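Nothing fancy with the numbering, it's 1 onward along the sequence. Bear in mind that the values here come from a model prediction, so they are computed numbers and not experimental data.
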Amino acid sequence: MRRAAPIFLMVLLAAFAWGCAPKGAPVASMPEASAPKWKPGDYWEFTGNNRSAFAVSDRMEVVSVGDEIVLRGRGDIGRQTTLAGDLSVTGTKGGKISYGVISGKDAYLIFPMKVGASQTFRHSATTPKGTQNYTMTVTVEAAEEVAVPAGTFKAFRLRVAKKNDTGWTGDYMMWYAPEVGYFVRISDTQGNQVSLVRYGR
């Protein structure tokens, strides 16, 4: 009976360690990622939608490419993200929030993408409660292996630090997988998280 207590403690500690484990396993090294070459018809489906310009719908599809790139949610022109040729966001509509550029490039994607890269820009965000102006700093924090319903991918983890003109601060996380050419997981400050379910290229 004396051996039961140590065994129980070992099981308890193992369960605790598992519960505290990070969601993404670190990747020792990951080569720089170039900008993806999207084409009309490429799509990404998620477990839901959130505030991100890249997931205003549970299915985002490339409608057109060129000097301007259009992503549309479920074919609905009311759920659309427009990007410049360098993949910086120029505007969105639909979903839970709409964005507009104030200064700099509204770019969540930094290419070539590598750990340590960072950039700052300003934009406006409009919700039913009104419009706020934000300063956003995007930092590529780490390379991780991330498991989502669509599979397991090596991804760059980006942290988006937000601050608005009232002094409010917050952040959210985005995981970009070069293999997919898009984000495979997005988690925002309101606790909304979406994960990639399937994609086609």
Side-chain angles (χ1 to χ4, degrees), residues 33-113 117 119-128 131-138 140 148-151 153 155-156 158 160 162 172-190 192-201:
S34 300
K37 297 188 182 301
W38 295 338
K39 63 183 185 300
D42 288 351
Y43 71 90
W44 302 270
E45 292 187 2
F46 295 92
T47 52
N49 66 299
N50 71 1
R51 292 172 179 259
S52 169
F54 294 92
V56 295
S57 172
D58 63 339
R59 177 187 168 101
M60 298 298 294
E61 182 174 326
V62 178
V63 177
S64 63
V65 297
D67 292 338
E68 182 178 84
I69 299 169
V70 175
L71 302 175
R72 194 168 291 164
R74 289 283 171 193
D76 180 1
I77 196 169
R79 290 177 174 269
Q80 184 166 293
T81 297
T82 307
L83 301 93
D86 63 0
L87 304 187
S88 59
V89 179
T90 57
T92 70
K93 55 185 176 180
K96 299 179 180 180
I97 196 164
S98 294
Y99 297 100
V101 179
I102 297 176
S103 66
K105 291 186 176 181
D106 194 343
Y108 299 89
L109 294 164
I110 306 171
F111 296 109
M113 189 173 290
Q119 60 189 4
T120 298
F121 57 89
R122 285 177 56 78
H123 75 189
S124 64
T126 302
T127 70
T131 299
Q132 288 286 344
N133 297 327
Y134 289 83
T135 298
M136 316 282 281
T137 299
V138 181
V140 185
V148 293
F153 304 97
F156 290 100
L158 290 76
V160 182
K162 308 171 63 175
Y172 60 95
M173 311 298 294
M174 307 173 80
W175 284 261
Y176 174 83
E179 179 183 346
V180 172
Y182 209 74
F183 296 102
V184 295
R185 179 183 291 158
I186 302 171
S187 178
D188 67 27
T189 52
Q190 282 67 40
N192 302 307
Q193 178 171 288
V194 297
S195 297
L196 188 70
V197 174
R198 64 181 59 87
Y199 66 101
R201 301 191 69 193

Notebook entry, point to check: How many angstroms lie between atom CG of L109 and atom CG of L87, to the nearest 0.5 angstrom?
Noted result: 6.0 Å

Notebook entry, point to check: Just wondering, do T82 and V89 contact through their side chains at under 4.5 Å, heavy atoms?
Noted result: no

Notebook entry, point to check: Is the NZ atom of K39 crowded by more than 12 outside heavy atoms at less than 6.0 Å?
Noted result: yes

Note to self: Give me the atom names and distance for the closest heavy-atom approach of A55 to I186.
What the structure shows: CB-CD1, 4.1 Å

Checklist line | Separation of I69 CD1 from S88 OG (nearest 0.5 Å) | finding: 9.0 Å

Notebook entry, point to check: Within a strict 4.5 Å, meaning less than it, do heavy atoms of the R122 and N133 side chains meet?
Noted result: yes

Margin query: If you compare all heavy atoms of V56 against all heavy atoms of Q80, which two are closest, and at what distance to 0.1 Å?
Written below: CG2-N, 4.3 Å

Margin query: Side chains of L71 and W38, heavy atoms from C-beta outward: is any pair under 4.5 Å?
Written below: yes

Next item on the list: Give, for atom CD of Q193 and atom OG1 of T47, the distance between the pair rounded to the nearest 0.5 Å.
Entry: 7.5 Å

Note to self: For Y176, run the ring pair (Phe, Tyr, Trp, His ring centres under 6.0 Å) check against F153, F54, F111, F156 and tell me which one passes.
What the structure shows: F111

Item checked: Expected output: side-chain S195 to main-chain R185 donor-acceptor under 3.5 Å -> no

Next item on the list: Working to the nearest 0.5 Å, report the span between CE of M174 and CG of D188.
Entry: 10.0 Å

Next item on the list: Please step through side-chain contact (heavy atoms from CB on, under 4.5 Å) for the pair I77 and K93, ending with a clear verdict.
Entry: CA-CA 9 Å; I77 196 169; K93 55 185 176 180; 4.3 Å; yes

Check: Mind checking whether V160 and M173 have side chains closer than 4.5 Å, heavy atoms only?
Finding: no

Margin query: So that I know where these two stand, are Y199 and F46 an aromatic pair - ring centroids less than 6.0 Å apart?
Written below: no

Next item on the list: Please state whether the rings of Y108 and Y172 are parallel, tilted or perpendicular, taking 30° and 60° as the class boundaries.
Entry: tilted

Notebook entry, point to check: How far apart are the closest heavy atoms of L196 and V180, and which atoms are they?
Noted result: CD2-CG1, 3.8 Å

Next item on the list: Heavy atoms only: give me the nearest G73-M60 pair and the separation to one decimal.
Entry: CA-SD, 3.9 Å

Check: Taking only residues at least two apart or on different chains, which pairs with a member in residues 65-77 satisfy salt bridge (Lys or Arg N to Asp or Glu O under 4.0 Å)?
Finding: D58-R74

Item checked: Closest approach of V184 to A177 (non-hydrogen atoms, all atoms of both residues) -> CG1-CB, 3.7 Å

Next item on the list: Would you give the length of the straight line joining atom CZ of R79 to atom CZ of R59, rounded to the nearest 0.5 angstrom?
Entry: 14.5 Å

Margin query: Using side-chain contact (heavy atoms from CB on, under 4.5 Å), reason through R198 and Y43 one step at a time and then give a plain yes or no.
Written below: CA-CA 8 Å; R198 64 181 59 87; Y43 71 90; 4.2 Å; yes

Notebook entry, point to check: Taking only residues two or more places apart in sequence or in another chain, which ones pass side chain to side chain donor-acceptor pair (under 3.5 Å) with S187?
Noted result: none

Next item on the list: Test side-chain contact (heavy atoms from CB on, under 4.5 Å) on I110 and V138 and set out the steps.
Entry: CA-CA 8 Å; I110 306 171; V138 181; 4.1 Å; yes

